[in-house]
There are 2 protein chains.
Amino acid sequence: MKRPTIKDVAREAGCSVSTVSIVVNDRGYVSKETRERVMKVVKELGYHATRSARGLASKTSGNIGFILRDDHFSQAEPFYTRVFLGAEFAARDRNFYVLLATVGRQFSERKDLPRFLLERNVDGIIIAGKVSPRFIDQVERFGIPIVLIDFEVRRKRYASILIDNKAGAHLAVDHLLACGHKSIAFVGGDILHPSLAERLEGYREKLQEHHITVQDRWIDIQEPDSRIANGAHAMARLLQQHPRPSAVFAANDAMAIGCIQQILQNGLNIPGDIAVAGFDDIEMSSLMQPRLTTLRVFKEELGRQAVETLVDMIKNGDTMLVTKHLPVELKVRESSCAKVSADEHDVSQHSTT
Amino acid sequence: MKRPTIKDVAREAGCSVSTVSIVVNDRGYVSKETRERVMKVVKELGYHATRSARGLASKTSGNIGFILRDDHFSQAEPFYTRVFLGAEFAARDRNFYVLLATVGRQFSERKDLPRFLLERNVDGIIIAGKVSPRFIDQVERFGIPIVLIDFEVRRKRYASILIDNKAGAHLAVDHLLACGHKSIAFVGGDILHPSLAERLEGYREKLQEHHITVQDRWIDIQEPDSRIANGAHAMARLLQQHPRPSAVFAANDAMAIGCIQQILQNGLNIPGDIAVAGFDDIEMSSLMQPRLTTLRVFKEELGRQAVETLVDMIKNGDTMLVTKHLPVELKVRESSCAKVSADEHDVSQHSTT
DNA sequence: AATGTACATCGAAACGGTTCTATAAAATGA
DNA sequence: TCATTTTATAGAACCGTTTCGATGTACATT
């Protein structure tokens, strides 16, 4: 009735408990015969080691902690959700489980530490997005590997999976220039986020490369947040300018969508009067009207890479801090160019229930 | 340097280890003074019990297992992903972690059992969607509580969170009738899924209630799967009929979208020539053109309710098998009626990066 | 006054593994 | 051939909790 323990296996196989442990974990020396005898009993009895006993003895949990900011993990927030799911996929392949925790926007000392850290229930940590550096300090004190996703800290280096924001910005600006635009504005919010800052920097660089003067009045980074509404507000200000820009590069899709709403509301035409490009390629961008030109970020891939990097660190005790920049892909749609091939509707494998 | 153990706390507080355990778990008898003394030391030392040690001693894991079919958990499949996230939310509130596993479409005996079951690493199981009943049998042998989401087994009762499919179908048909349609077709795939079968049944009931003959040639349930492409195929067949129906009720949004594509492709007008209604309210439905009239299923709520039911069973050892039917909500959009209030665009709090 | 019951605390036995050390046999090398 | 080294196995300590008696008190009940 009860599940068999390692002792049962040892008894049946006529060997010691430690030998069984060596066999099932495949480490140390055992003779071929013993190994086979033990494995046979293991099969017969359907033995499988209990996780908590293993955990206690070996000080490992088989779990990975995934931390993100609570306001980033909501139904209305598709970006990090996708990253998380990517981590789930990869963890399953590597025989780890993912425990999820969220942390408040501003970190309140020992209150906000995820339970899985206090309980020593994870072997490594992934932190996705911008969190308080003080929080990362606290996490570090637990002495387990950490991988950051889409975030960097000035003070210290961490293993991290980043988006190639500059290259993306270059692609976007290049594309808008190729469409004939000379006056390209930039819209951004929460510019303290390293990713958004890099996108602005890439925009600057590319314009300079083409000997186009970067006009401060066409760079609107006043908004505290990069949501749709903030994009609309920024766009409203840009429309006041004389002459107004002929194209807008927004730091992310949410703001780009806000820009589009504002432009259409003012009776202007897209992309005729003003072209718009975003960054991220969230779900909505390919479904709205007009569809948004943007830089596709491979969100699941961010999560997957983070897990693989972290598992390497856990298993090999790697102390090397790898930094990976994931490439992005320009998706040209109607918001920036009138003529676009309609190869976008790759939704045929959707299914539900 | 090392994290304090319960022994350290006992020593500092001048009492036994068992007393400390009683205090931190808040069970059994302790004097007020001892309790306070112990708690003080706990704070000072920053003591927190280790999960695996607790697990081993108490035979609990603090985890919940969430199982769904692998083809239901993919990037292109938004439905169960949302259910899973709902479970995550609820589990965090109840101090549990969720471990995720997927199982193949057809279950291959002991091969496919989730690792967390074999390792005894979960205190309860949630199974979402249609899986092999033989698989459920296997899971049951582990003797832990099980809650089913959106699935039922003929043979045996389980605690389950279900969608009120019949009521939804009634609402949909009522709505189409109210729009003046007399000839309403039904499109479904994978009709062995209890949910889809119920939607068909609800459709039948409501027509009969209105003394409208149910026409078998207008019920297309040949497709083996309920994906977009299958909806298009079924719709193609329906368009061959004379006279053709003036409205279509699809068993889910994916198929409804397929129907719409097929109808538009045939140069017909929606909803002028044919009205379409779906079921589920997936993301795409409110973003496409024309926006799809459908029944909103509260996907996160399915996950949340399942977790809460399961946690009750785990904690109270409840043997009562509750069955909950979650209500659905009719969302009327342009695919069924020309005039619709545009209150749908509640996307303003979207944000990314 | 004897007895029962609720309260308080402790010691020790699990819980089910991993891992370190010891011991012995077998293989290797000079 | 003898000294090493490698291979093979067993035994026991240990991991950090929970929980089960055992042992007392103190208080209420009859």
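Quick note on labels: first sequence line is chain A, next is B, and so on, each numbered from 1.
As a whole-Å value, the separation of A:E119 CD from D:dT18 P is 11 Å. If you measure from atom CD of B:E36 to atom C1' of C:dT9, you get 17 Å, rounded to the nearest angstrom. Rounding to whole angstrom units, CD1 of residue A:I22 and C1' of D:dA8 are separated by 8 Å. D:dG11 atom P lies 14 Å from atom CD1 of A:I6, rounded to whole Å. The interatomic distance linking A:E33 (CD) with D:dA8 (C1') rounds to 11 Å, in whole Å. One interatomic measurement links the two molecules: OH of B:Y29 to C1' of C:dT9, which rounds to 13 Å at whole-angstrom precision. Taking atom CZ of A:R51 as the reference point, atom P of C:dG17 lies 11 Å away to the nearest angstrom. If you measure from atom NE2 of A:H48 to atom P of C:dG16, you get 16 Å, rounded to the nearest angstrom.
Distances shorter than 4.0 Å separate none of the side-chain N or O atoms of A:T5 from OP1 or OP2 on C:dG16. Checking the phosphate oxygens (OP1, OP2) of C:dA8, no side-chain nitrogen or oxygen of B:S31 falls inside 4.0 Å.
Here A:K7 lies out of heavy-atom contact (under 4.0 Å) with every strand. B:R27 comes within 4.0 angstrom of the backbone, heavy atoms only, and of no base. Residue contacts for B:S52: at a heavy-atom cut-off of 4.0 Å it reaches no nucleic acid atom on any strand shown. Residue contacts for A:S21: at a heavy-atom cut-off of 4.0 Å it reaches a base atom on one of the strands shown.
Of the two residues contacting DNA chain D, namely B:T19 and B:A53, the nearest-nucleotide position lying further toward the 5' end is that of B:A53. Nearer the 5' end of DNA chain C, as judged by each residue's closest nucleotide, is the contact made by B:V17, out of B:K59 and B:V17. Comparing B:K32 and B:L56 against DNA chain C, the residue whose closest nucleotide sits nearer the 5' end is B:K32.
For A:S58, counting side-chain heavy atoms from C-beta on, the closest listed nucleotide (C:dT19, C:dT9, C:dG16) is C:dT19.
Between A:R157 and A:E152 there is no salt bridge, since none of the side-chain N atoms of the basic residue sits less than 4.0 Å from a carboxylate O of the acidic one. A salt bridge links A:R304 and A:D93; the closest N-O separation between the charged side-chain nitrogens and carboxylate oxygens is under 4.0 Å. Under a 4.0 Å N-O distance rule, the pair B:E36/B:K40 does not qualify as a salt bridge.
Contact of A:S18 with D:dG11 (side chain to base): a donor-acceptor pair of N or O atoms is detected under 3.5 Å.
Listed here is the closest heavy atom pair of B:A128 and B:F66: CB-CZ, 3.9 Å.
For the pair B:S160 (side chain) and B:L162 (backbone), a donor-acceptor distance under 3.5 Å is absent.
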